[in-house]
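Data block below; observations after.
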Amino acid sequence: MRLAGRARLGRTLVVTDPGDWLGVVRETVLALLPCATDQPGDWLLERTSSERPRHVRLGAFRLLDARGGIMALRAAVALLADPDAKLRFWAGQSVQHWKPTSHAGRGDAEVADLVDRSRHLFSDHVLRLRKWEAGVGS
């Protein structure tokens with residue numbers, strides 16, 4: 001938090017009770033959302049793994065979703081198979097609202113694969129539209 005300029009020296013809380021970690025993750029994510037694009041995507045993507053606690057997966061996904069781009073789509077498609085129903089639902093919404101960015105995504109073969117893996121979320125018409133928007137053909 002200090003490195004991101006979001007915590008002031010002397011106001012940083014030391015957490016010793018594992019029960020408090022949920023709140024710490026939630027507050028950290030809220031503090032980092034305005035600078036989500038500055039966060040390391042690969043590091044966040046690793047934290048969406050099903051081996052991680054739900055609050056960690058959710059926090060990492062929220063930051064990746066706010067970040068956008070191919071990393072957000074990767075995370076959302078992977079989370080479509082998450083054991084948590086709410087997280088699967090939010091991931092599905094993210095996939096449905098994802099748009100390619102100017103930095104990455106248009107014409108990318110990985111985007112075509114990710115959209116195909118989530119085809120059950122779209123009608124045939126919307127699937128063709130999403131692929132056209134991403135420049136990946138039909």
Side-chain angles (χ1 to χ4, degrees):
M1 293 287 290
R2 253 185 257 127
L3 291 175
R6 301 286 181 209
R8 286 179 277 193
L9 196 57
R11 295 198 58 183
T12 304
L13 174 67
V14 176
V15 178
T16 56
D17 179 10
D20 293 336
W21 294 347
L22 174 73
V24 171
V25 170
R26 182 178 51 247
E27 293 302 316
T28 301
V29 168
L30 286 174
L32 293 175
L33 278 172
C35 58
T37 56
D38 298 335
Q39 306 313 310
D42 290 331
W43 187 87
L44 290 170
L45 197 57
E46 289 172 15
R47 270 118 194 104
T48 62
S49 166
S50 62
E51 291 91 42
R52 302 283 182 164
R54 180 189 184 275
H55 62 279
V56 173
R57 294 192 318 270
L58 177 59
F61 176 62
R62 286 185 66 198
L63 289 170
L64 285 164
D65 194 47
R67 190 175 197 267
I70 188 88
M71 288 293 214
L73 184 61
R74 277 185 202 138
V77 171
L79 287 171
L80 290 174
D82 193 83
D84 184 83
K86 283 185 181 178
L87 200 44
R88 285 193 311 267
F89 177 76
W90 291 327
Q93 287 184 319
S94 178
V95 170
Q96 290 172 325
H97 294 106
W98 185 84
K99 302 284 187 199
T101 62
S102 59
H103 297 91
R106 289 213 34 86
D108 189 336
E110 183 184 10
V111 171
D113 178 56
L114 292 169
V115 171
D116 281 337
R117 286 174 44 199
S118 58
R119 71 180 325 117
H120 65 281
L121 298 171
F122 303 105
S123 67
D124 290 340
H125 171 73
V126 173
L127 182 65
R128 282 192 303 275
L129 178 63
R130 288 292 180 260
K131 286 184 164 189
W132 178 81
E133 289 172 339
V136 293
S138 57

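Values below: every heavy atom of this structure, side chains too, minus hydrogens, waters and symmetry copies.
Between E46 and R52 there is no salt bridge, since no side-chain nitrogen of the basic residue lies less than 4.0 Å from a carboxylate oxygen of the acidic one. Ion pair D116/R119 flagged as a salt bridge, since at least one NZ, NE, NH1 or NH2 atom sits closer than 4.0 Å to an Asp/Glu carboxylate oxygen. Using a cutoff of 4.0 Å between basic side-chain nitrogens and carboxylate oxygens, R54 and D84 are scored as salt-bridged.
Paired with L87 under the rule side chain to side chain contact (heavy atoms under 4.5 Å, CB included), one option of T48, D82, L80 passes, and it is D82.
Residue T28 holds its OG1 atom at 11.0 Å from CG of L33, rounded to the nearest 0.5 Å. Remark: L64 CG to R74 CZ distance equals 10.0 Å, nearest 0.5 Å. Taking CG from L79 and OG from S49, the interatomic distance works out to 9.5 Å, rounded to the nearest 0.5 Å. Residue R57 holds its CZ atom at 6.5 Å from OG of S50, rounded to the nearest 0.5 Å.
More than 12 heavy atoms of other residues, nucleotides or ligands sit less than 6.0 Å from atom NE2 of H120.
Between D65 and W98, every side-chain heavy-atom pair lies at or beyond the 4.5 Å cut-off. A heavy-atom distance below 4.5 Å is not found between the side chains of M71 and L44.
In terms of modelled atom types and a separation under 3.5 Å, the side chain of W90 and the main chain of L58 share no donor-acceptor contact. Between the side chain of Q96 and the main chain of L121, a donor-acceptor pair closer than 3.5 Å is present. Under a 3.5 Å cut-off, the side chain of S123 and the backbone N or O of V126 do form a donor-acceptor pair. In terms of modelled atom types and a separation under 3.5 Å, the side chain of R67 and the main chain of Q39 share a donor-acceptor contact. Side-chain N or O atoms of R130 include none that pairs as donor or acceptor with a backbone N or O of V115 at under 3.5 Å. In terms of modelled atom types and a separation under 3.5 Å, the side chain of R47 and the main chain of V56 share no donor-acceptor contact.
Residues L45 and F61 do not share a hydrophobic cluster, defined by chaining ILVMFWY side chains whose heavy atoms lie under 4.5 Å apart.
Partners of L129 under the side-chain contact (heavy atoms from CB on, under 4.5 Å) rule, at least two apart in sequence or in another chain, are W132, E133. Looking at residues two or more places apart in sequence or on another chain, you find a side-chain contact (heavy atoms from CB on, under 4.5 Å) between R117 and V77, D113, L114.
Shown here for A76 and A91, the closest heavy-atom pair between the two residues is O-CB, 3.3 Å.
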